[in-house]
Structures are given as structure tokens and as C-alpha cells.
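Shown next, in C-alpha cells, is the structure this report addresses.
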Amino acid sequence: MTATLGTSSTTKTPDLGPAVELVSKEEGHRQPLAPEFVSAEDFSPLEVAYDFGRVRREDIEAGPKNIWRYKKLLPVPSNVEEIPNTEPGATRLIRADRLAKELGLKRVWVKDDTGNPTHSFKDRVVAVALAAAREFGFEVLACPSTGNLANATAAAAARAGWRSVVLIPKTLERAKILTTAVYDGDLIAIDGNYDDVNRLATELAGEHPKWAFVNVNVRPYYSEGSKTLAFEVAEQLGWRIPPQIVVPIASGSQLTKVDKGFRELGQLGLVDASPYKVFGAQATGCSPVSAAFRAGQDVVQPVKPDTIARSLAIGNPADGPYVLDIVNRTGGAIEDVTDEEVVEGIRLLARTEGIFTETAGGVTVATAKKLVETGKLDPDAETVLLITGDGLKTLDAIESHVGPKAVLPPSAAAVNKALGY
């Protein structure tokens with residue numbers, strides 16, 4: 001593997017707005033903007049560095065009702081909103097008082113990202129990846145995926161008029177397979193788990209210089225899309241950072257970028273740079289980052305996933321060590337919950353707030369409950385929970401747990417009797 005894996009042959013100078021260069025996470029080596037994801041100097045991941053200039057709240061507030069209102073904080077062209085895209089973002093932040101009471105917290109907000117075009121937060125990251133990929137001269141949008149990313153990539157490519165190539169584990173939930181296949185791209189099921197699929201994607205990225213694998217060769221740009229969750233939460237709270245936030249962990253990228261988004265807002269003076277704590281949530285059947293945190297380690301040991309929370313089932317999370325750094329720096333914690341607790345988390349959010357989340361959201365809610373019970377979440381501190389996907393995608397997780405209360409003849413008397421009247 002080299003740092004130029006999958007690099008497009010274009011000589012065009014990319015218009016990526018305030019983005020000025022790439023920097024390695026470990027030693028800070030800098031290099032020009034390019035479709036590269038690993039530093040040739042220290043072999044650590046690359047991320048985008050910026051020269052933001054002056055960014056004002058009023059300029060953001062005057063922008064479109066989607067993530068492009070934050071384009072001055074993202075690696076995207078200055079005219080990004082004018083090019084056909086799925087226009088994700090601007091999802092609800094809901095004050096969840098009934099859930100708060102059940103969890104034993106004073107004030108809870110639910111960031112409900114099920115309202116995105118393909119019903120998960122992945123629409124955000126794919127939109128940014130596509131914008132960058134276009135600037136680099138790619139022609140095909142591709143990804144390895146545990147499900148939500150497959151949906152988002154296929155939809156974004158269809159909207160843009162691009163070809164898509166999507167690789168998934170063959171054991172993916174049926175609903176996620178169908179909601180990817182409907183866009184009529186090239187959907188390929190692989191006999192293996194996500195880590196096998198991801199390795200295959202990395203190999204293919206090296207063989208196909210015109211394929212932009214959103215979470216491989218254009219990953220530095222793709223991952224910046226998760227910052228928009230932090231931007232929206234802060235803006236929706238009246239331009240302030242919540243004291244506590246609970247984030248599900250798959251690769252760990254989302255958690256690291258939420259933290260980056262909060263820090264950038266503070267550095268730019270868009271919010272008061274107040275302290276906050278970041279908490280991570282995993283399913284016990286795939287909890288390598290939680291295990292490392294519990295053991296006090298800074299190295300994440302890969303595991304073989306075995307959980308109903310398939311969208312989080314990444315056994316070798318690329319950003320796991322950086323998640324540990326952030327959680328420790330902010331004074332947060334990482335917990336994991338069983339599949340049974342995941343299902344209860346889904347049902348708890350549904351019955352208290354009318355939000356039907358997929359298994360990843362069940363992990364977030366159940367983990368918040370566990371964090372309160374173990375004294376790690378401050379019950380008096382305002383808390384945000386990230387709900388990142390729609391429950392219609394993972395119906396198999398709850399189908400044996402819910403259903404009609406009774407099957408009755410068409411008789412008012414029978415209904416009244418069944419209901420205790």
C-alpha cells in the first residue's frame with residue numbers, strides 16, 4: 001500500500017474552499033491536497049487542514065437549509081450547492097424530556113439524523129466526498145459498507161449521474177440491500193465480514209484510478225462531513241456546545257470529527273470554547289474500543305464482530321486510537337451493551353419520543369442508560385444523543401419482540417374486553 005493509492009490522474013487544481021493541505025495525524029507532516037489517505041512520511045492517516053479566514057454566524061444562518069450552510073468550514077467547492085447532490089443535513093434536534101426521565105437525566109436532546117435523504121448520517125459524509133471526488137477528476141463513486149453508507153453512496157451517485165460500485169458483506173440486513181439496489185448501481189455482495197470487504201476495496205482502489213472510494217482514497221474529505229453534526233447541534237442549541245454527547249462507534253471517525261467540529265467552532269469564536277465530554281457507544285459483540293478503554297490501553301485489538309448492530313460491526317476500527325485520545329482528553333468514557341440491551345434501547349426511544357431508530361441508535365440509547373447507572377454521565381448536565389439511522393433498515397432486530405397486542409374479531413365488545421374496558 002502506498003500513500004497515493006487510487007490517485008486520479010487529473011492535473012486540475014481542485015477548488016476545495018478553505019482546505020489548504022493534508023496533514024498526518026501522528027507527526028503533523030504536511031502535503032498538498034490530493035486523493036490520498038495515508039502519509040508517506042509516518043504512515044498515519046491524513047486529515048484536512050484549513051485556512052478559514054473570517055466566518056460569521058450570520059453568514060452561516062443565511063445559507064441553505066442543509067450542510068452547505070457550513071461550506072466555509074468544509075473541503076468543498078465554493079459553488080457546491082449549485083451542483084446536483086442529495087442536500088443532506090438540517091435534521092431535527094429534539095428535546096427528549098420523556099426519554100430523559102427514563103434515563104435519569106435532567107435534560108436530553110436527540111439529534112435525529114433519520115431525516116436525511118437515505119435516512120442516516122452517511123448522506124452527510126458522502127455528499128462531501130462526492131464534491132471532493134468531482135474536483136479530483138474521478139468518475140465512479142464507490143465504497144465498502146455495512147449498510148447505511150451503501151444507501152448513501154448509491155443514492156448520491158444516482159443524483160449526480162455517476163456510476164456507483166458498492167461492496168457489502170453478503171450477511172447485511174435485507175432492507176439495506178434492497179435500499180441500495182433500488183438505485184440501480186453495481187451492488188456486489190462479498191462472502192466475508194466488513195473488514196474483508198474493506199481490504200478488498202483498498203485493493204480495488206489501487207487498480208481503478210477513476211474510482212473514488214469514499215471511505216478509502218478520498219477518506220480525508222469524506223470524514224469531514226461528520227463535522228456538520230457538531231455544527232448543527234451547536235447552532236440548534238443557540239450557538240453553544242453541549243456539556244455531554246454520546247456517539248456510536250464503528251470506525252470511530254464520526255466521534256473524532258464531532259470533536260473536531262466543536263473545537264473549530266470554538267477556535268473561530270462561533271461558540272464559547274466551553275468544556276465538554278465525549279462518550280462512545282459500542283455493541284458488546286463488536287467492542288474493541290470499549291475493551292481498550294476499560295483496560296486503560298491506547299492500542300485497539302481487532303475482534304471478529306458478532307452483533308445485531310451490523311452498522312457498527314467493524315472489528316478493526318481505523319480511528320479507534322484517536323477515539324481513545326479524545327474520550328480521555330475530554331473526560332468522557334466508552335461503554336458497550338448487549339444485543340438484548342440494544343433492542344430495549346430501540347424500544348425505549350420509540351415509546352418515549354416516537355423515534356424509530358436502527359440498531360446503532362439502540363446502542364447509543366442503551367449505552368447512555370448504562371453510563372448513567374455507572375455514574376459516568378452527569379445526570380444534571382445537558383446531554384445530546386446522536387441517532388444516526390432509521391429503524392426501518394433493521395426490522396429483523398425487533399420483529400420477534402413487538403407485534404399486535406391481540407388478534408380479535410371485528411367486534412367493539414371484543415376490543416373493549418381486550419383493553420380492559
Is it true that a side-chain atom of Thr383 and a backbone atom of Pro243 form a donor plus acceptor pair closer than 3.5 Å?
no
> Within the distance-only criterion (no hydrogens, no angle test), does the side chain of Glu102 pair as donor or acceptor with the backbone N or O of Leu348 below 3.5 angstrom?
Replying inline: no
Counting only heavy atoms not in Arg174, do more than 12 fall under 6.0 Å of its CZ?
no
Taking the side chain from Glu135 and the backbone from Leu16, do they hold a donor-acceptor pair closer than 3.5 Å?
no
More than 12 heavy atoms from other groups under 6.0 Å of NZ on Lys260:
yes
Does some side-chain heavy atom of Gln282 sit less than 4.5 Å from a side-chain heavy atom of Pro288? yes
Quick check: do Pro75 and Val128 have side-chain heavy atoms less than 4.5 Å from each other? yes
Nearest heavy-atom approach of Gly266 to Ala273 is CA-CB, 4.2 Å
Can you find a pair of side-chain heavy atoms, one from Thr357 and one from Asp390, that are under 4.5 Å apart? no
With Arg98 as partner, the option from Leu349, Val108, Leu103, Thr352 fulfilling side chain to side chain contact (heavy atoms under 4.5 Å, CB included) is Thr352
Quiz prompt | Lys304 bridged to Asp306 by N-O distance under 4.0 Å | solution = no
Look at Asp319 together with Arg219 and state whether they make a salt bridge at an N to O cut-off of under 4.0 Å.
yes
Next item on the list: Take Glu235 and Arg69 through the test salt bridge (Lys or Arg N to Asp or Glu O under 4.0 Å) and record every step on the way to the result.
Entry: CA-CA 11 Å; Glu235 184 181 355; Arg69 70 199 283 111; 2.7 Å; yes
Between the CZ atom in Arg124 and the CG atom in Leu229, the distance rounded to the nearest 0.5 Å is 4.0 Å
request  = On the 0 to 90° scale, with breaks at 30° and 60°, tag the Phe231-Tyr70 ring pair as parallel, tilted or perpendicular.
outcome  = tilted
Fill in: Arg263/Asp259 ion pair, N-O < 4.0 Å
yes
>> With a sphere of 6.0 Å drawn around CG of Asn416, does it hold more than 12 non-hydrogen atoms of other residues, nucleotides or ligands?
In response: yes
Test salt bridge (Lys or Arg N to Asp or Glu O under 4.0 Å), reference Glu358, set Lys122, Lys393, Arg310, Lys176, output is Lys176
- prompt: Do the side chain of Tyr221 and the main chain of Ala34 share a donor and acceptor less than 3.5 angstrom apart?
  reply: yes
Indicate yes or no for a side-chain donor-acceptor contact from Lys71 to the backbone of Ser78 under 3.5 Å, with no hydrogens or angles considered. yes
- Message: side chain to side chain contact (heavy atoms under 4.5 Å, CB included), that's the test. Do Val271 and Arg240 meet it? Break it down for me.
- Response: CA-CA 5 Å; Val271 299; Arg240 59 188 178 83; 5.5 Å; no
task: Report the relative orientation of the aromatic rings in Phe136 and Phe138; use parallel for angles under 30°, tilted for 30 to 60°, perpendicular for over 60°.
output: perpendicular
Heavy-atom closest pair (Ser253 atom, Thr256 atom, distance to 0.1 Å) is O-OG1, 2.8 Å
Output for pair (Leu385 CG, Thr367 OG1), nearest 0.5 Å, gives 10.0 Å
- prompt: Is it true that atom NZ of Lys370 has more than 12 heavy atoms of other residues, nucleotides or ligands lying nearer than 6.0 Å?
  reply: yes
On a heavy-atom basis, the closest approach of Ala309 and Ala283 is CB-CB, 4.0 Å
Looking at Lys106 and Glu382, does any basic side-chain N land under 4.0 Å from a carboxylate oxygen?
no
Step by step, work out the side chain to side chain contact (heavy atoms under 4.5 Å, CB included) result for Asn85 and Trp68. CA-CA 11 Å; Asn85 67 89; Trp68 306 133; 2.9 Å; yes
Main-chain N/O of Lys170 paired to Asp191 side chain as donor or acceptor, under 3.5 Å:
no
Checklist entry - Does the distance from a Lys or Arg side-chain N to an Asp or Glu carboxylate O, for Arg163 and Asp186, drop under 4.0 Å? => result yes
Stepwise, does the side-chain hydrogen bond (donor to acceptor under 3.5 Å, both in side chains) test hold for Asp336 with Ser290?
-> CA-CA 6 Å; Asp336 56 85; Ser290 175; 2.6 Å; yes
Rounding to 0.5 Å, atoms CZ (Phe213) and CG (Leu141) come to a distance of 10.0 Å
Please walk me through it: do Glu335 and Lys369 pass salt bridge (Lys or Arg N to Asp or Glu O under 4.0 Å)?
CA-CA 10 Å; Glu335 273 288 2; Lys369 183 174 184 290; over 6 Å; no
Heavy-atom nearest pair, Pro317 first then Ser251, reads CB-O, 3.5 Å
Heavy atoms of Glu61 and Trp239 approach each other most closely as OE2-NE1, 2.7 Å
_Under the criterion side-chain hydrogen bond (donor to acceptor under 3.5 Å, both in side chains), I'd like the reasoning laid out for Ser44 against Asp42: C-alpha separation, chi angles, the key distance, then a yes or no._
CA-CA 5 Å; Ser44 72; Asp42 61 21; 2.7 Å; yes
* Heavy-atom distance under 4.5 Å between the side chains of Tyr222 and Leu149, does that happen here? -> yes
Evaluation steps, side chain to side chain contact (heavy atoms under 4.5 Å, CB included), between His119 and Leu392
CA-CA 9 Å; His119 310 288; Leu392 291 174; over 6 Å; no
Open item on the list: Take a 6.0 Å sphere around CG of Asp272 and say whether it holds more than 12 heavy atoms from other residues, nucleotides or ligands.
Closed with: no
Could you go through Thr153 and Trp162, starting from their C-alpha distance and side-chain angles, then the distance that decides it, and tell me whether this counts as side chain to side chain contact (heavy atoms under 4.5 Å, CB included)?
CA-CA 10 Å; Thr153 298; Trp162 284 34; over 6 Å; no
(Q) Any heavy-atom pair between the side chains of Val372 and Leu105 that's under 4.5 Å? (A) yes
Tested for side chain to side chain contact (heavy atoms under 4.5 Å, CB included) against Pro248, the lone hit among Leu312, Ile387, Thr359 is Leu312
* Asked: Counting only heavy atoms not in Asp396, do more than 12 fall under 6.0 Å of its CG?
  -> yes
>> Under a 3.5 Å distance rule, please check whether Gln254 uses its side chain to pair with a backbone N or O of Ser226 as donor and acceptor.
In response: no
Worksheet item: Just checking, any donor-acceptor pair under 3.5 angstrom between side chains of Thr91 and Asp113?
Response: yes
When every non-hydrogen atom of Thr307 is compared with those of Gly285, the smallest separation belongs to CB-CA, 4.0 Å
Worksheet item: Donor-acceptor pair, Thr146 side chain versus Ser311 backbone, under 3.5 Å?
Response: yes
Value for OG1 (Thr118) from CG (Asn151), rounded to nearest 0.5 Å, stands at 5.0 Å
**Any donor-acceptor N/O pair, Asp195 side chain to Gly315 backbone, under 3.5 Å** = yes
Mind checking whether Val323 and Ile249 have side chains closer than 4.5 Å, heavy atoms only?
yes
Quiz item: Backbone N or O of Pro35 within a donor-acceptor pair of the Asn217 side chain at under 3.5 Å?
Solution: no
Value for CD1 (Ile168) from CD (Glu173), rounded to nearest 0.5 Å, stands at 10.0 Å
Distance col, row Ile94:CD1 vs Asp112:CG, nearest 0.5 angstrom, shows 4.5 Å
